[in-house]
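This report concerns only the one structure given below.
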Amino acid sequence: MKTTILNIGFDDTDSPKAMCTTYLAYKLVHSLKQDNVKFLDYPRLIRFNPNIPWKTRGNGAVSLKIQTNNPRLVKNKVKKFIRKFSDLKNGANPGVVFYESHFIPKEFTEISKKALWSLISRRQIKNFITKNKLESFHIGNGQGLVGALGAIGYQFDDHTFELLTYRKKSQFGKKRKIVASSVKQMQEKTYPKTFNSFDTKKQKIIFAPRGPDPVFFGIRGEDTNSLLNAAKMIQTKEKPIGHLIFKSNQGTGDHLQNELDITSIKPYSSGIIEGIVSEQPKTLQGGHISFLITKNGYNLRCLIYKPTGITNEASQLIIGDKIRVGGGIRRASVKHGRVLNIEFFEVLKLEKMKILTSPSCIACNKKMKSKGRNQGYECIKCGNKAANKVLQILPRKIKNQLYIPQSSAHRHLTRPQQRIDFKNREIKFNDTSAWFTNYN
Ligand code: ATP
């Protein structure tokens with residue numbers, strides 16, 4: 001019997017009020033498994049440009065790669081699930097793309113890469129779908145097609161995994177009761193194989209959402225076994241319905257690979273840029289830090305928010321420091337121009353911090369006293385004289401290094417400290433591992 005390899009990408013099924021695209025994936029995988037559909041890879045959870053204005057939370061889309069002898073049946077099921085598990089009444093605009101092939105053409109990958117840092121219009125994606133005669137389905141305005149296509153086209157250069165557990169329907173909206181110390185211990189025991197479950201600075205759980213969505217908690221890490229072990233260490237009385245492990249670009253810093261062009265900065269784009277600090281950092285109301293960088297005669301205002309935990313370091317920058325910054329461009333408003341909201345900064349070269357100060361006596365090594373305006377300086381001990389102030393070089397309180405936010409301020413894509421200079425090589429799909437489990 002003829003079998004077909006089918007890629008299924010979907011996105012924009014949730015709203016801040018309900019649902020989650022990964023929950024739909026869980027339900028769909030459960031159902032497809034019951035139909036004996038063969039999975040060829042882990043479900044892929046791809047995070048796109050975190051600075052697009054209409055995302056619900058983390059701008060995540062999902063794709064599946066399966067083998068089936070009845071693709072029509074599968075496609076109909078996917079559409080049925082999209083209708084059933086999308087929060088249409090609260091603004092979800094779901095989109096699905098189907099693509100029958102083992103290999104993914106480079107045009108898909110290119111558009112997916114662009115979706116990581118720029119804004120893709122609905123027209124662009126719809127044209128792409130028509131031009132390539134792709135089978136798709138959408139409800140609403142079709143915005144979800146961007147993520148749906150992007151999730152299929154995405155090519156991993158590095159990857160992580162996330163084990164997501166889901167709540168019973170009766171628990172939706174209720175407080176998640178998880179023993180915080182068990183999460184802390186899990187993180188300590190599994191380091192560096194898991195990350196961002198517990199914020200040690202703030203001593204709080206960060207691996208569980210607080211909202212009404214169906215996710216109970218999610219553990220992120222480097223391989224599926226570490227995640228399965230880690231999940232067993234979590235103490236809670238609530239019994240989730242099951243878990244699904246996704247392969248993901250979370251924690252890879254993927255959205256901050258491209259160089260922003262300072263001569264044509266586009267709102268909502270993400271990226272990195274090198275420049276020279278050209279205005280002394282100032283502290284704004286709320287403790288946020290604002291300063292300018294300059295490159296080739298163009299200025300860009302940078303903002304570092306207090307919750308990042310790196311504002312103290314940023315306030316130590318001085319005019320002339322060479323830095324590389326990464327982040328997202330905030331749209332200009334009546335009050336301010338375009339601003340780069342910083343997600344990291346790296347000091348590349350520190351300027352010497354010089355101040356003009358009273359000279360020291362060469363004989364006594366004591367600071368000389370001023371004799372009055374324009375009358376020079378004198379050592380009160382030995383009477384030595386000097387005409388002018390001298391330049392003194394002060395030690396700098398920051399170093400040539402990378403400064404990244406504390407984990408509670410991380411975005412899904414932020415590369416955590418433990419993953420700096422580390423990449424996962426492609427891990428083969430292991431269908432015998434418990435990547436999907438329904439606990440009932
Ligand atoms: P969650 O993380 O909870 O699943 P979300 O934050 O992913 O939610 P969505 O409701 O999926 O939010 O909304 C994101 C929307 O933005 C989707 O319609 C997606 O197709 C679209 N999108 C993603 N990346 C881009 C991009 N670069 N340009 C334009 N649209 C995009």
Side-chain angles (χ1 to χ4, degrees), residues 6-16 19-29 39 41-66 75 78-79 81-82 85-88 91-99 104 107-122 124-126 128-129 134-157 159-162 164 209 213-215 218 220 244-252 254-255 268 270 411-413:
L6 177 64
N7 298 277
I8 311 160
F10 47 95
D11 194 12
D12 210 337
T13 62
D14 54 8
S15 82
M19 288 299 143
C20 171
T21 304
T22 73
Y23 178 64
L24 192 149
Y26 174 85
K27 289 285 185 188
L28 187 59
V29 169
F39 282 80
D41 199 359
Y42 299 100
R44 296 149 44 104
L45 168 57
I46 312 300
R47 301 282 177 183
F48 290 104
N49 186 357
N51 296 303
I52 59 150
W54 46 77
K55 64 174 182 167
T56 309
R57 281 174 292 259
N59 199 8
V62 172
S63 74
L64 307 173
K65 195 181 200 98
I66 59 158
K75 288 173 192 171
V78 173
K79 291 180 197 168
F81 273 65
I82 292 283
F85 291 105
S86 294
D87 193 16
L88 300 173
N93 286 295
V96 186
V97 173
F98 299 108
Y99 187 63
I104 306 296
E107 292 79 9
F108 283 54
T109 310
E110 278 161 9
I111 208 154
S112 175
K113 245 192 177 151
K114 268 186 103 180
L116 271 169
W117 63 271
S118 67
L119 209 69
I120 312 260
S121 70
R122 290 199 291 272
Q124 211 179 331
I125 243 30
K126 285 175 182 168
F128 185 95
I129 286 172
L134 302 180
E135 198 176 336
S136 71
F137 164 76
H138 70 269
I139 309 174
N141 65 16
Q143 192 67 49
L145 294 169
V146 179
L149 183 77
I152 292 179
Y154 185 83
Q155 207 174 31
F156 287 103
D157 173 41
H159 66 267
T160 59
F161 289 95
E162 179 162 13
L164 280 157
D213 61 281
V215 170
R220 293 161 185 210
L244 184 56
I245 296 183
F246 292 87
K247 184 170 160 183
S248 180
N249 63 346
Q250 293 172 152
T252 64
D254 218 6
H255 63 311
Y268 310 122
S270 304
R411 312 194 94 151
H412 294 285
L413 281 161

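For the single chain, residues carry numbers from 1 onward in sequence order.
A 6.0 Å sphere centred on NZ of Lys75 holds more than 12 heavy atoms belonging to other residues, nucleotides or ligands. Heavy-atom contacts from other residues, nucleotides or ligands closer than 6.0 Å to NZ of Lys114 number 12 or fewer. A 6.0 Å sphere centred on CD of Glu135 holds more than 12 heavy atoms belonging to other residues, nucleotides or ligands.
What you find for Val215 and Cys20 is that their closest heavy atoms are CG2-SG, 4.0 Å. Contact detail for Trp117 and His255: the closest heavy-atom pair is CB-O, 3.9 Å. Considering all non-hydrogen atoms of both residues, Val97 and Ile152 come closest at O-CD1, 3.4 Å. Considering all non-hydrogen atoms of both residues, Ala25 and Leu244 come closest at C-CD2, 3.9 Å.
In this structure, the side chains of Lys126 and His138 come closer than 4.5 Å at one or more pairs of heavy atoms. Lys55 places none of its side-chain heavy atoms less than 4.5 Å from the side chain of Phe48. Two residues are said to be in side-chain contact when any heavy atoms from C-beta on lie closer than 4.5 Å; Val29 and Leu64 meet this criterion. Side-chain contact between Ile120 and Ile52: absent, with no pair of heavy atoms (C-beta onward) separated by less than 4.5 Å. The side-chain heavy atoms of Asp11 and Val146, taken from C-beta on, include no pair separated by under 4.5 Å. Asp213 has its side chain within reach of Arg57: a pair of non-hydrogen atoms, C-beta onward, lies under 4.5 Å apart. Contact annotation: the side chain of Leu88 approaches that of Pro94 to within less than 4.5 Å [non-hydrogen atoms, C-beta and beyond]. Using a 4.5 Å cut-off on side-chain heavy atoms (C-beta onward), Leu134 and Phe108 make contact.
Side chain of Asn7 to main chain of Tyr99: a donor-acceptor pair is present (N/O by atom type, distance under 3.5 Å, no hydrogens or angles). Side-chain atoms of Asp254 do not come within 3.5 Å of backbone N or O of Leu116 as any donor-acceptor pair. Judged by distance alone, the side chain of Ser86 and the main-chain N or O of Ile82 form a donor-acceptor pair under 3.5 Å. Counting only distance, with no hydrogens or angles, the side chain of Asn93 and the backbone of Gly140 share no donor-acceptor pair below 3.5 Å. Judged by distance alone, the side chain of Ser248 and the main-chain N or O of Leu45 form a donor-acceptor pair under 3.5 Å.
In this structure, CD1 on Ile139 lies 10.5 Å from CG on Asp12, to the nearest 0.5 angstrom. Residue Ile129 holds its CD1 atom at 12.5 Å from CZ of Arg122, rounded to the nearest 0.5 Å. In this structure, CZ in Arg411 is found 11.5 Å from CZ in Arg47, a value given to the nearest 0.5 Å. Rounded to the nearest 0.5 angstrom, Leu413 CG and Thr252 OG1 are separated by 5.5 Å. Rounding to the nearest 0.5 Å places CG of Asn249 at 8.5 Å from OG of Ser112. With rounding to the nearest 0.5 angstrom, the NZ atom of Lys113 is 7.5 Å from the CG atom of Asp157.
The salt bridge (charged side-chain N to carboxylate O under 4.0 Å, His left out) check on Arg44 picks up nothing, with sequence neighbours excluded. A search for side chain to side chain donor-acceptor pair (under 3.5 Å) contacts involving Asn59 returns nothing, not counting sequence neighbours. Evaluation of the ring-ring contact (aromatic ring centres under 6.0 Å, His included) rule for Tyr26 yields Tyr166, Phe436 as partners, not counting sequence neighbours.
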Task: Working for ring-ring contact (aromatic ring centres under 6.0 Å, His included), residues Phe137 and Phe98 - done: CA-CA 9 Å; Phe137 164 76; Phe98 299 108; 8.1 Å; no
Open item on the list: Please determine whether side chain to side chain contact (heavy atoms under 4.5 Å, CB included) holds for the pair Met19 and Thr56, giving the CA-CA distance in whole Å, both sets of side-chain angles, and the decisive distance to 0.1 Å.
Closed with: CA-CA 11 Å; Met19 288 299 143; Thr56 309; over 6 Å; no
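Partner of Tyr42 under the ring pair (Phe, Tyr, Trp, His ring centres under 6.0 Å) criterion, chosen from Phe161, Phe246, Phe156: Phe161.
Ring geometry for Phe85 against Tyr23 counts as perpendicular: the plane angle is over 60°, on a 0 to 90° scale with 30° as the lower cut.
In this structure, the ring of Phe10 has its center no less than 6.0 angstrom from the ring center of Phe81.
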